[in-house]
Amino acid sequence: MTLSHLNARGEANMVDVGDKAATRREATATGSISMAPETLALLSDGKLPKGDVLATARIAGIQAAKRTHELIPLCHQLALSKVSVDFEIDAESSCVRVSATCRLTGRTGVEMEALTAVSVACLTLYDMCKAVDKEMEIGEIHVDAKQGGKSGDYLRRSATAATATPIVTSPENSPALTLGLASAAEQCVRVKCLAELRERLGVGEASVPLDRLPSADVAGLKQALKSLDDRFKGLEEGRVLCAVNQVMASDGTRLTCEDEVAFFPPVTGG
Amino acid sequence: MIRVQHEAFDAGHEQRLMLEHRTDIGAVVSFTGLVRDFNERPDVTALTLEHYPGMTEASLAEIEAEARQRWPLDEVTLIHRIGRLEPGDPIVLVVVASAHRRAAFEACEFLMDHLKTRAPFWKKEHTDSGDYWVSERRQDHDDAKRWEVASQ
């Protein structure tokens, strides 16, 4: 194992990524800021002197992710295709949990951007609340999941358990999962699990190479998912509905590459 | 008009907007659904609504188109909220305008019955004793089915 940011002489070195193939990269980082229960109550009731704390921290996190290269010396400037920052107010532990997801199709990973977004969102939360609480503590900042790239996919061990607790502000909080060693060049089917099913399986999004499907239909996809990851055995429990490209579908519905297949429980709106 | 939004809506405002400068409408029926503080458990403190962006809007448009095929309707407004809501908050609005009352009454019910059983929305209820996803209700499906039997 070598450090890519050091050259043969041990000097700082910006890695030349010009020859690497552009692939789809995504990273999710999380962190938290603990505070007095009274501060948390003021925050969730919107009664802090500086105004809407979470909205401000979200914008700060997104802006910071885009400017990571200005802060971290050897980071490349990236054209991120997506940055999302979400908050979960955890009254039990009296803290705000922050999670950030960055995505791009490019030649470098985006975990530094996700970590920067989380860090700056936490700092902004501190700034917005410090008038009433100076004891706040920022901590537990780490990468939860990373997909794409030469070093392969990474899922932090505790992150599997963490995704079981929902972040209510975001419907897409579980990190995406790439199954069967899919690369961006390969033809994939994109899978989404929604609502109760996402939380029960602990998977929000996944992509499966089309050639891993025993048959090019929904039944074949389910079979492939179950053999690639045990969590998808849960697709057989209870009533699970399916939509292909946002139209209701059944086991026999044919699939082609780049189809979006969503699995979800019976609807309960209104 | 179809909207899926976080913000609250004002039923009166939406209805006035619909009827502005119209003198051909003879009946308008409006239904507002509210968050109850009891459901599967007696102490619901909040609920979180999730949807499937894109498909939800398309599904509402399809339900509206079916209603327009069955009844002569002048205007239809469907608004459904998403995100975190608290007891007493308005959650869904259906406003139907027609020349005559029967069409407006029936179409409003038809739209709600189908919205509840077909549009991709999911409710999670928060209570003091924990959070859980709401299960589908048999009654909602029976309500939607009665429109199949009645062949106009």
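All values derive from a computational prediction rather than experimental measurement. Lettering follows sequence order; numbering is per chain, from 1.
Contacts of B/Ser135 with chain A are made by backbone atoms alone, with heavy-atom separations under 4.5 Å and no side-chain atom involved. Looking at B/Ala119, the atoms closer than 4.5 Å to chain A (heavy atoms on both sides) all sit in the backbone: N, CA, C or O. Proximity to chain A is limited to the side chain of B/His141, based on heavy atoms less than 4.5 angstrom apart. At a 4.5 Å heavy-atom cutoff, the contact between B/Arg118 and chain A is made by backbone atoms alone.
Taking every heavy atom of both residues into account, B/Met55 and A/Ala243 meet most closely at SD-CB, 3.6 Å. The two residues B/Lys123 and A/Gly270 come nearest to each other via the heavy atoms NZ-O, 2.8 Å.
The closest side-chain heavy-atom distance from A/Arg200 to B/Trp133 is not below 4.5 Å. Taking 4.5 Å as the limit, some side-chain heavy atom of B/Trp122 sits within range of a side-chain heavy atom of A/Val267.
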What side-chain donor-acceptor pairs closer than 3.5 Å can you find for residues 85-107 of chain B, not counting sequence neighbours?
unit_1	atom_1	unit_2	atom_2	d
B/Asp89	OD2	B/Glu86	N	2.7
B/Ser98	OG	B/Pro72	O	2.8
B/Glu106	OE1	B/Trp71	NE1	2.9

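A donor-acceptor contact shorter than 3.5 Å is absent between the side chain of A/Glu196 and the backbone of B/Lys124.
Chain A forms the most heavy-atom pairs under 4.5 Å with one residue out of B/Leu115, B/Val134, B/Asp140, and that residue is B/Val134.
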